[in-house]
Amino acid sequence: MTAPVFVVDTLPTGRTFVLDGPEGRHAVSVKRLREGEDVVLVDGRGGWADCVVLAAEGKDRLTLELSTVHQDPEERPYVTVVQALPKGDRGELAVETMTETGVDAIVPWSASRCITQWRGERAGKALAKWRSTAREAGKQSRRTRFPEVTDPMTTKQVAALLATADFAAVLHEDRDHPSGALATAELPASGSIVLVVGPEGGVSPEELAAFAEAGARPYRLGPSVLRTSTAGTAATAVVLARTGRWG
């Protein structure tokens, strides 16, 4: 899709549609779209529609004519990254780049060695930021299906998620826990893949044991050590390239 992309809660069903609010303001006042130009509407759940601008009114109102409506299926295998909470704004950076890369779901994880902890009002604000970042990054990267950012999970909940996966990996390497290379791991062509990214301090032995019991083995990306905010993006890229989703 090369036309400008705008997000709507629900794709319209009629022949014309009025885009207003923040998206309409961006279309009229920032993009300065005019009659005859092409526009794409997406709902973030795989639905998208080709449109043509009929008229621009005021500073935030665009009347569109719908051409074709499409529904993209969910990609397979479905890739989830369990992301330990990073410090500062590195969480939003991780969400942004993983979304641009193509991850399907992101799970905030309160690992035992996380310096950052989400509690009370802060938890709600932080989660809202991650979800907003995923939405904006999905729009920017022209995705029709935005990743789900789930509620935060505990280690026990993450282990339960890993137990349901067709392939589960913990990105971890140390001399006490031999790891395989993610680049050569046997990956499923369909089903679900779950990747766990630990905090800067690493995944604790207790967490590794719980995840191993759930069927998740430790894997490494390469000889260098990536930060928690970039490891999930790199791992997602490896998986998408090797499963044919990047082709």
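Residues take their numbers from the sequence shown, with the count starting at 1.
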Any side-chain heavy atom of [X] within less than 4.5 Å of one from [Y]?
X	Y	answer
E74	D104	no
L19	L64	yes
F146	D43	no
E75	L240	no
P77	L187	no
S110	Q117	yes
T97	T230	no
P108	T150	yes

Considering all heavy atoms of both residues, which atom of [X] and which atom of [Y] are nearest to each other, and what is their separation?
X	Y	value
A3	V40	CB-CG2, 4.0 Å
K59	V28	O-CB, 3.5 Å
I115	K87	CD1-CD, 3.7 Å
R32	E37	O-OE2, 3.8 Å
C114	A84	SG-CB, 3.8 Å
H172	P218	O-CB, 3.8 Å

Would you confirm whether [X], through its side chain, and [Y], through its main-chain N or O, come within 3.5 Å as a donor-acceptor pair?
X	Y	answer
Q157	T154	yes
R242	A183	yes
R143	T99	yes
R245	G102	yes
R145	R45	yes

- Query: Do any pairs count as a ring-ring contact (aromatic ring centres under 6.0 Å, His included) and have a residue in residues 198-233, sequence neighbours left out, and if so which ones?
  - Reply: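 Every pair satisfying ring-ring contact (aromatic ring centres under 6.0 Å, His included) with a residue in residues 198-233: W109-F211, F167-Y219.
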
- Item | Pairs meeting criterion ring-ring contact (aromatic ring centres under 6.0 Å, His included) with involvement of residues 12-41, two or more places apart |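 Non-adjacent pairs meeting ring-ring contact (aromatic ring centres under 6.0 Å, His included): zero.
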
To the nearest 0.5 Å, what is the distance between [atom1] on [X] and [atom2] on [Y]?
X	Y	atom1	atom2	result
E65	R15	CD	CZ	5.5 Å
Q140	R142	CD	CZ	8.0 Å
T236	I193	OG1	CD1	9.5 Å
Y78	D166	OH	CG	13.5 Å
E100	T233	CD	OG1	8.5 Å
Q71	L11	CD	CG	7.5 Å

Would you check if there is a donor-acceptor pair between the side chains of [Y] and [X] at a distance under 3.5 Å?
X	Y	value
S229	R90	yes
E207	S204	yes
W48	D72	yes

- Message: Test side chain to side chain donor-acceptor pair (under 3.5 Å) on E206 and S112; report intermediate values, then the result.
- Response: CA-CA 9 Å; E206 296 77 16; S112 63; 5.8 Å; no

- Message: Apply side chain to side chain contact (heavy atoms under 4.5 Å, CB included) to residues D20 and R25 and explain how you reach the verdict.
- Response: CA-CA 7 Å; D20 53 14; R25 187 174 305 110; over 6 Å; no

- Please assess D38 against V52 for the test side chain to side chain contact (heavy atoms under 4.5 Å, CB included), listing each intermediate value before the final yes or no. CA-CA 5 Å; D38 293 328; V52 176; 3.7 Å; yes

- Query: So, are K139 and E23 salt-bridged, with charged N and O less than 4.0 Å apart?
  - Reply: yes

- Might you confirm whether atom CD of E57 has over 12 heavy atoms from other residues, nucleotides or ligands at distances under 6.0 Å?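 Count over threshold, so yes.
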
If hydrophobic clusters are built from ILVMFWY residues whose side chains come within less than 4.5 Å, do [X] and [Y] share one?
X	Y	answer
V69	V7	no
V53	V18	no
V170	L221	no
V107	L93	no
V8	L33	yes

- Task: Any chance you could lay out the side chain to side chain contact (heavy atoms under 4.5 Å, CB included) test for V194 and V82, step after step, and finish with the verdict?
- Result: CA-CA 7 Å; V194 181; V82 177; 3.8 Å; yes

- Query: Taking C51 as the fixed residue, which of L62, L41, T68 is the one that meets the side-chain contact (heavy atoms from CB on, under 4.5 Å) rule?
  - Reply: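 Among L62, L41, T68, the one meeting side-chain contact (heavy atoms from CB on, under 4.5 Å) with C51 is L41.
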
- Task: Please report the C-alpha distance between R220 and L171 in whole Å, then the side-chain angles of each, then the deciding distance to 0.1 Å, and finally whether the side chain to side chain contact (heavy atoms under 4.5 Å, CB included) criterion is met.
- Result: CA-CA 6 Å; R220 64 185 180 276; L171 302 182; over 6 Å; no

